[in-house]
Amino acid sequence: MPEGHTVHRIALDHSKVLRGKRIAVSSPQRRFAADAALVDGVRLLGIEAYGKHLFYSWANGLVGHVHLGLFGKFRVHRGTAPIDAPTVRMRLAVPKATIDLTGPTDCAIGTAEDRDRIVQRLGPDPLREDADPQRAFESIARRVAPIGQLLLEQKVMSGVGNVYRAEALFANGMHPNRPGRAITPEAFAGLWTTVVTMLRQGVVDDRIITLDRDEYELPSGRTRRGETTYVYHRDLCLRCGTPILTVDLGGRPCYYCPVCQPD
DNA sequence: AAGAATGTTATGTA
DNA sequence: CTACATAACATTCT
């Protein structure tokens, strides 16, 4: 274990807070969950997500903060953990299972104030009951920046990500380059509803599938990237067959169909 | 085996 | 203070 990489022992159910990030299961069993847990002898009170930030509240008042970033991953091991785990940043363990966290952008122990500071700088999270969509609309409506860029900005709204931004814009027939200030309240309402629906579906599926299930059968067996979306990472639009284009927005490619999403 | 990738923030410039 | 671009960081897979 490298210096400074403290290992914490806790247990939890992550399935509701990972937003399309899948837990890699190292054994045939699908998922691990636990009701109660200990953190170095301290009870885990709960896990909460704001956007893609995960917070672990412990009975000693401290709050763990994890952000998976691009590479962060939880691996579930049934039974005892592998001994050799030099890159593990957090270990979640109970007698029958171990979940190891590797590669996160953030993994730290802090206070409730540290958590509040992070939450304060985030826009409304479409997955949360307490989200106020009006806040997001107001920050969009006074910007000229393209909506495709704004959807990735955490202070506009939090937790959307590159797949859902492309798929939500597609579902609303909205070109990613449309300026924020050109988004009407009605158009925003549709977009917000789509994002909420898609993210909730992701929680149910524990992966990202944006296909309308009345229209498309779920892909069976192993699916590759670009098989569970309409435009994201596709060569051709699933709906109309037009070649998919990308535009760089927020430093990342935004996939869109020029026919289904006219200017 | 270089390069891409389901993310975000800090920092510099205008 | 706002807006925008770029760099930085994490790791695995093809």
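Being a predicted model, the structure only gives us computed values, none of them experimental. Quick note on labels: first sequence line is chain A, next is B, and so on, each numbered from 1.
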Exercise. Can you tell me how far P of C:dA7 sits from CG of A:D248, to the nearest Å?
Worked result: 13 Å
Problem set entry | A:R89 vs C:dA10: side-chain N/O to OP1/OP2 distance below 4.0 Å | no
Problem set entry | Protein-nucleotide distance (A:L101, atom CG; C:dT12, atom P), rounded to Å | 11 Å
Exercise. Who is the Watson-Crick or G-U wobble partner of B:dG3, with both distances under 3.5 Å?
Worked result: C:dC13
Exercise. A:R121 near the nucleic acid: base, sugar-phosphate alone, or nothing, with a heavy-atom cut-off under 4.0 Å?
Worked result: sugar-phosphate
Exercise. Looking at A:L199 and A:P126, what are the two nearest heavy atoms and their distance?
Worked result: CD1-CB, 3.8 Å
Problem set entry | Rounded interatomic separation in angstrom, taking NZ from A:K155 and P from C:dC1 | 13 Å
For this session: Could you check A:G251 against A:R143 and say which one's nearest nucleotide on DNA chain C is further toward the 5' end?
Result: A:R143
Exercise. Picking from B:dT9, C:dC4, B:dG7, which would you name as closest to the side chain of A:Q154?
Worked result: B:dT9
For this session: Could you tell me the separation between the CD1 atom of A:I147 and the NE2 atom of A:H175, rounded to the nearest 0.5 Å?
Result: 13.0 Å
For this session: Look at the side-chain N and O atoms of A:H53 and state whether any lies under 4.0 Å from the OP1 or OP2 oxygen of B:dT8.
Result: no
For this session: Apply the test side-chain contact (heavy atoms from CB on, under 4.5 Å) to residues A:R143 and A:R181: give CA-CA distance (whole Å), side-chain angles for both, the deciding distance (0.1 Å), then the verdict.
Result: CA-CA 5 Å; A:R143 299 277 301 272; A:R181 63 162 58 142; over 6 Å; no
For this session: Using the P atoms only, state how far B:dG3 lies from C:dA7, rounded to an integer number of Å.
Result: 16 Å
